[in-house]
Protein chains: 2
Amino acid sequence: MSIPATAYALLGLLSFDRELSGYDLKKWADSSLRFFYWSPAISQIYSELKRLDAMGYVTSREVPQDELRNKRVYRITDEGRAALVEWVEHDDVEPPMLKHSPLLRVWLGHLTTPARLRAILESHRVYAARMRDDALGAATSSAPRPGMEFPAVVTAWSARYYEREIEMIDELLAEISELE
Amino acid sequence: MSIPATAYALLGLLSFDRELSGYDLKKWADSSLRFFYWSPAISQIYSELKRLDAMGYVTSREVPQDELRNKRVYRITDEGRAALVEWVEHDDVEPPMLKHSPLLRVWLGHLTTPARLRAILESHRVYAARMRDDALGAATSSAPRPGMEFPAVVTAWSARYYEREIEMIDELLAEISELE
DNA sequence: GGGAGCATGTAACGGGTTACATGATTGG
DNA sequence: CCAATCATGTAACCCGTTACATGCTCCC
């Protein structure tokens, strides 16, 4: 019985030795995984946590959040850690999946005007700049903790990725102008 | 009633004014869409074609393939073309979706050895080089036909994308060595 | 003879999303 | 007072995949 990559990603977040709630995991995913992988919907996080719990890969307990409410926090188990290590060390690595919607529109450029393509690319440029800045922000905001070197390397990689994305948008913009 | 992006992608393939079978569409997708978007499974292509047919966005007819068998070829209709143009011109463009599995493994680098990470990245490097070469091949093999300028631009973009991916893998490899 | 390519499709399944439901606390 | 944030979960739905089924032709 195998579990989806998203479950391993969550297990990965928990592998940095902390107790986290579903809500915490969502925020963490949004400020790390999001840049190079994906941030699952909160509802999926809750259901994956249930599955991981049922498999014995995590344990959970309730902690008081305030006077009236509790929240459920999760901790990775030894079996969970072993399964995660196994996944990193021995499982096949799928190729990256890229679904570049703005490019799909450019590919269909014969159906529209250069102005529309430019607008799409400008807006994608804003998005990429935003992602770069967010990745840069995530890199600087979190103090370099021991054991967190790899996430730091990947976050830096992500910032470079979006920087290059911007360069490539500009190249495309220039090429589209030439086509006119 | 909206249709998925994949359906528009297929409609897009048909928008270059040719009659194509499901099988043809799969081959075409593999040598164009695959580099920057995704190539749907053949089974999905057949079911999307049925949906597009039901919506009146394509028509189909059977043509003899050899003495014994027929094949069904599809042609975009005026309504299909109008819907596609509408999609390109007025629909919101989703941000690109990236699920970088090799990077997810690197992000979990604390769970394994540098040697394993290097192996993963080397293998990803081979994949990226392959994609670059395939994109380059697709660019040169298809003679520059009129009306196909945008696909050519996007294929060239894809080749650059994978070239940069290789550069970024090498940078990562260097950073991982430094971490040791 | 057998594998690769041509050609089309169905069924089962699962991963993941959106919408919905609920309710407390904090800060402008 | 109202929006945002904290916090958890269910249900419906759909996109897309893999596995399965079928059968012909071409070439080694």
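Just so you know, these numbers use all the heavy atoms, side chains as well, and skip hydrogens, waters and symmetry mates. Note on naming: letters A, B, ... go to the chains in the order of the sequence lines (proteins, then strands), and numbering restarts at 1 for each one.
Nucleotide D:dC6 holds its C1' atom 14 Å from the CG atom of A:Asp30, rounded to whole Å. Between the C1' atom of C:dT8 and the NZ atom of B:Lys71 lies a distance of 12 Å, rounded to the nearest Å. To the nearest angstrom, P of C:dG9 lies 16 Å from CZ of B:Arg51. As a whole-Å value, the separation of A:Glu48 CD from C:dG15 P is 7 Å. Atoms CD1 (A:Ile42) and P (C:dC20) sit 18 Å apart, rounded to a whole Å. Per the geometry, CD belonging to B:Glu62 stands 11 Å off C1' belonging to C:dT8, to the nearest Å. Computed from coordinates, the B:Lys26 NZ to D:dG16 C1' distance equals 12 Å when rounded to whole Å. Between B:Tyr8 atom OH and D:dG16 atom P the separation is 13 Å, expressed in whole Å.
At most 12 heavy atoms of other shown residues, nucleotides or ligands fall within 6.0 angstrom of atom CH2 in A:Trp38.
Across all strands shown, B:Lys50 has heavy atoms under 4.0 Å from sugar-phosphate atoms exclusively, and none from any base. Looking at heavy-atom distances under 4.0 Å, A:Lys99 makes contact with sugar-phosphate atoms alone, never a base.
Using modelled atom types and a 3.5 Å distance limit, the side chains of B:Ser15 and A:His110 yield a donor-acceptor pair.
Here C:dA7 is the nucleotide among C:dT17, C:dA7, D:dG16 with the atom lying nearest to any side-chain atom of B:Tyr23. Minimum atom distance to the side chain of B:Tyr46 is reached by C:dA7, of the listed D:dG9, D:dT18, C:dA7. For A:Gln44, the side-chain atoms get nearest to C:dT17 when compared with the rest of D:dT18, C:dT17, C:dT8.
Counting distance only, with no hydrogens placed and no angle test, the side-chain atoms of B:Ser43 and the base atoms of D:dT18 include a donor-acceptor pair under 3.5 Å.
Nearest-nucleotide positions on DNA chain C place B:Asp24 closer to the 5' end than the other of B:Asp24 and B:Ser47.
Between B:Glu48 and B:Arg51 there is a salt bridge, since at least one side-chain N of the basic residue sits less than 4.0 Å from a carboxylate O of the acidic one. Taking 4.0 Å as the cut-off between side-chain N and carboxylate O, A:Asp24 and A:Arg18 do not count as a salt-bridged pair. Using a 4.0 Å cut-off between charged nitrogen and carboxylate oxygen, A:Arg164 and B:Glu165 do not count as a salt-bridge pair.
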